S.K.: 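My questions will all concern the structure given below.
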Amino acid sequence: MHAAVDRTSVKVLVRDFVTDRLKDKESTVQELAQQVAGLHPGSSVEFTIEESYRNMREVLEQHPRVVDYARRAIRLAGMEPIERPIRGGTDGSRLSFMGLPTPNLFAGEHNFHSRLEWVAAEDMDKAVEVIVKLCEIWAQ
């Protein structure tokens, strides 16, 4: 006995550090979906692309002073910046594309995106110190 499925959907998040490479990845996903549908007579594929977020680097590269000031504020707070590129998906990415260039400074990142995610109070104290230093730099 075979069960019938009237409709199903699959959502795929296509990401890359370089926006221009997204089209190739989207095309690959679409080709694979059509190939799979071709294996099942009577099936079809609808393919829709919805932008989720973009790489904030596109905006920040146009405003290097913003990142330079952030680095300086981190150093003034007694730390050395450790930079790890991310594609987006953050408030900083969203704000950057709304016209307010906003790098991510740090977020604790213990057990990121899990039920057990946490951040130490000391990390939050340093975050406040960095933000105060950053305000002082911008005020100058």
Side-chain angles (χ1 to χ4, degrees):
M1 178 190 278
H2 294 295
V5 176
D6 292 331
R7 183 177 183 94
T8 190
S9 64
V10 176
K11 289 188 176 194
V12 177
L13 178 60
V14 178
R15 303 187 332 176
D16 201 301
F17 283 101
V18 180
T19 301
D20 291 342
R21 294 194 301 223
L22 289 174
K23 292 289 182 212
D24 290 339
K25 289 182 174 169
E26 291 163 358
S27 294
T28 299
V29 171
Q30 187 170 16
E31 289 169 18
L32 290 170
Q34 290 169 338
Q35 287 175 17
V36 170
L39 298 174
H40 303 279
S43 66
S44 64
V45 172
E46 290 177 31
F47 196 81
T48 305
I49 297 173
E50 297 175 17
E51 185 176 288
S52 175
Y53 56 79
R54 293 168 50 196
N55 188 339
M56 70 177 78
R57 182 179 65 186
E58 295 174 27
V59 175
L60 294 176
E61 284 178 343
Q62 297 171 31
H63 305 276
R65 176 173 64 158
V66 172
V67 176
D68 290 341
Y69 284 7
R71 288 181 186 123
R72 191 175 344 159
I74 291 168
R75 287 186 179 105
L76 288 172
M79 298 177 290
E80 188 61 30
I82 299 172
E83 298 182 33
R84 293 188 190 122
I86 60 172
R87 288 172 287 272
T90 65
D91 293 340
S93 175
R94 184 105 170 138
L95 289 168
S96 292
F97 282 97
M98 291 172 69
L100 182 63
T102 309
N104 290 325
L105 299 179
F106 51 87
E109 300 184 37
H110 301 286
N111 299 323
F112 223 35
H113 297 310
S114 76
R115 291 182 307 120
L116 302 175
E117 182 175 351
W118 63 278
V119 62
E122 293 84 2
D123 290 347
M124 298 310 300
D125 289 342
K126 275 298 188 183
V128 170
E129 186 178 350
V130 169
I131 292 166
V132 168
K133 297 293 184 191
L134 191 54
C135 291
E136 291 170 355
I137 291 168
W138 278 100
Q140 296 172 2

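Predicted, not measured: the structure shown is a model, and the values here were computed from it.
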S.K.: List the atom of Leu116, the atom of Asn111, and the distance in Å for their closest heavy-atom pair.
M.R.: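 Scanning both residues, the minimum pair turns out to be O-ND2, 3.2 Å.
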
S.K.: CG of Leu134 to CG of Leu105: how many Å apart, nearest 0.5 Å?
M.R.: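 One finds 6.5 Å between CG of Leu134 and CG of Leu105.
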
S.K.: Listing request: all salt bridge (charged side-chain N to carboxylate O under 4.0 Å, His left out) pairs with a residue in residues 29-48, at least two apart in sequence or in separate chains.
M.R.: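 Counting only pairs at least two positions apart or across chains, the salt bridge (charged side-chain N to carboxylate O under 4.0 Å, His left out) contacts touching residues 29-48 are Arg7-Glu46.
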
S.K.: Can Val67 be reached from Tyr69 by stepping across I, L, V, M, F, W or Y side chains whose heavy atoms are under 4.5 Å apart?
M.R.: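 The answer is yes; both residues are in one hydrophobic cluster.
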
S.K.: When you measure from the side chain of Glu117 to the backbone N and O of His113, does any donor-acceptor pair fall under 3.5 Å?
M.R.: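 The answer is yes, because a donor-acceptor pair under 3.5 Å joins these two groups.
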
S.K.: Verify the cluster assignment for Val128 and Leu76: are they in a single hydrophobic cluster under the rule of side-chain heavy atoms below 4.5 Å apart?
M.R.: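 Result: no, two separate clusters.
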
S.K.: Closest approach of Val45 and Ala33, non-hydrogen atoms and distance?
M.R.: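 Residues Val45 and Ala33, closest heavy atoms: CG2-O, 3.4 Å.
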
S.K.: Tell me, with the steps shown, if Val18 and Arg57 meet side chain to side chain contact (heavy atoms under 4.5 Å, CB included).
M.R.: CA-CA 9 Å; Val18 180; Arg57 182 179 65 186; 4.0 Å; yes

S.K.: Can you name the nearest heavy-atom pair linking Ala70 to Pro103, along with the distance?
M.R.: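 What the structure gives for the nearest pair is CB-CG, 4.3 Å.
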
S.K.: Any side-chain heavy atom of Lys133 sitting closer than 4.5 Å to one from Trp138?
M.R.: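 A side-chain contact under 4.5 Å is absent here.
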
S.K.: Taking atom NZ of Lys25 as the centre, does the number of heavy atoms from other residues, nucleotides or ligands within less than 6.0 Å exceed 12?
M.R.: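 Check passes, neighbour count above 12.
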
S.K.: Between Ser96 and Met56 (side chain of the first, backbone of the second, donor and acceptor by atom type, cut-off under 3.5 Å), is there such a pair?
M.R.: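 No.
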
S.K.: Atom CD1 of residue position Ile82 - does it have more than 12 heavy atoms of other residues, nucleotides or ligands inside 6.0 Å?
M.R.: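 Not more than 12 within 6.0 Å, no.
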
S.K.: Output yes when Arg54 and Glu58 qualify as a salt bridge under the 4.0 Å nitrogen-oxygen rule, no when they do not.
M.R.: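 Looking at Glu58 together with Arg54, the answer is yes, because their closest N to O distance falls below 4.0 Å.
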
S.K.: How about Met79 and Val130: do any of their side-chain heavy atoms sit closer than 4.5 Å?
M.R.: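 When only atoms from C-beta onward are counted, Val130 and Met79 do touch, with a gap below 4.5 Å.
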
S.K.: Can Lys126 and Glu122 be said to form a salt bridge (charged side-chain N to carboxylate O under 4.0 Å, His left out), step by step?
M.R.: CA-CA 6 Å; Lys126 275 298 188 183; Glu122 293 84 2; over 6 Å; no

S.K.: Using every non-hydrogen atom in the two residues, find where Asp16 and Leu22 come nearest and quote the distance to one decimal.
M.R.: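 Closest pair (atom of Asp16, atom of Leu22, distance): N-CD2, 3.7 Å.
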
S.K.: Nearest heavy-atom pair of Pro101 and Val66: which atoms, and what distance?
M.R.: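 Smallest heavy-atom distance, with atoms named: O-CG1, 3.6 Å.
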
S.K.: Does anything in residues 29-51 pair up under ring pair (Phe, Tyr, Trp, His ring centres under 6.0 Å), and if so which pairs, sequence neighbours excluded?
M.R.: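 Non-adjacent pairs meeting ring pair (Phe, Tyr, Trp, His ring centres under 6.0 Å): zero.
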
S.K.: Do Val12 and Leu32 land in one hydrophobic cluster if side-chain heavy atoms of ILVMFWY residues count as linked below 4.5 Å?
M.R.: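 No; Leu32 is not reachable from Val12 via cluster members.
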
S.K.: Restricting to non-hydrogen atoms, name the atom on Leu60 and the atom on Thr102 that form the minimum distance, rounded to 0.1 Å.
M.R.: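 Minimum heavy-atom contact is CD2-N, 3.8 Å.
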
S.K.: Any side-chain heavy atom of Ile74 within less than 4.5 Å of one from Glu80?
M.R.: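 Contact flag for Ile74/Glu80 side chains = no.
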
S.K.: Same cluster for Ile131 and Met124 if Ile/Leu/Val/Met/Phe/Trp/Tyr side chains link at under 4.5 Å?
M.R.: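 In one cluster with Ile131: Met124, no.
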
S.K.: What distance separates Leu39 CG from Gln34 CD, expressed to the nearest 0.5 Å?
M.R.: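 Interatomic distance, Leu39 CG to Gln34 CD, rounded to 0.5 Å: 12.5 Å.
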
S.K.: Check Asp68 with Arg71, please: is the shortest side-chain N to carboxylate O separation under 4.0 Å?
M.R.: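 Between Asp68 and Arg71 there is a salt bridge, with a charged N closer than 4.0 Å to a carboxylate O.
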
S.K.: Would you say Asn55's side chain and Phe17's backbone share a donor-acceptor pair under 3.5 angstrom?
M.R.: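 Indeed, once roles are kept as given, a pair shorter than 3.5 Å links the two residues.
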
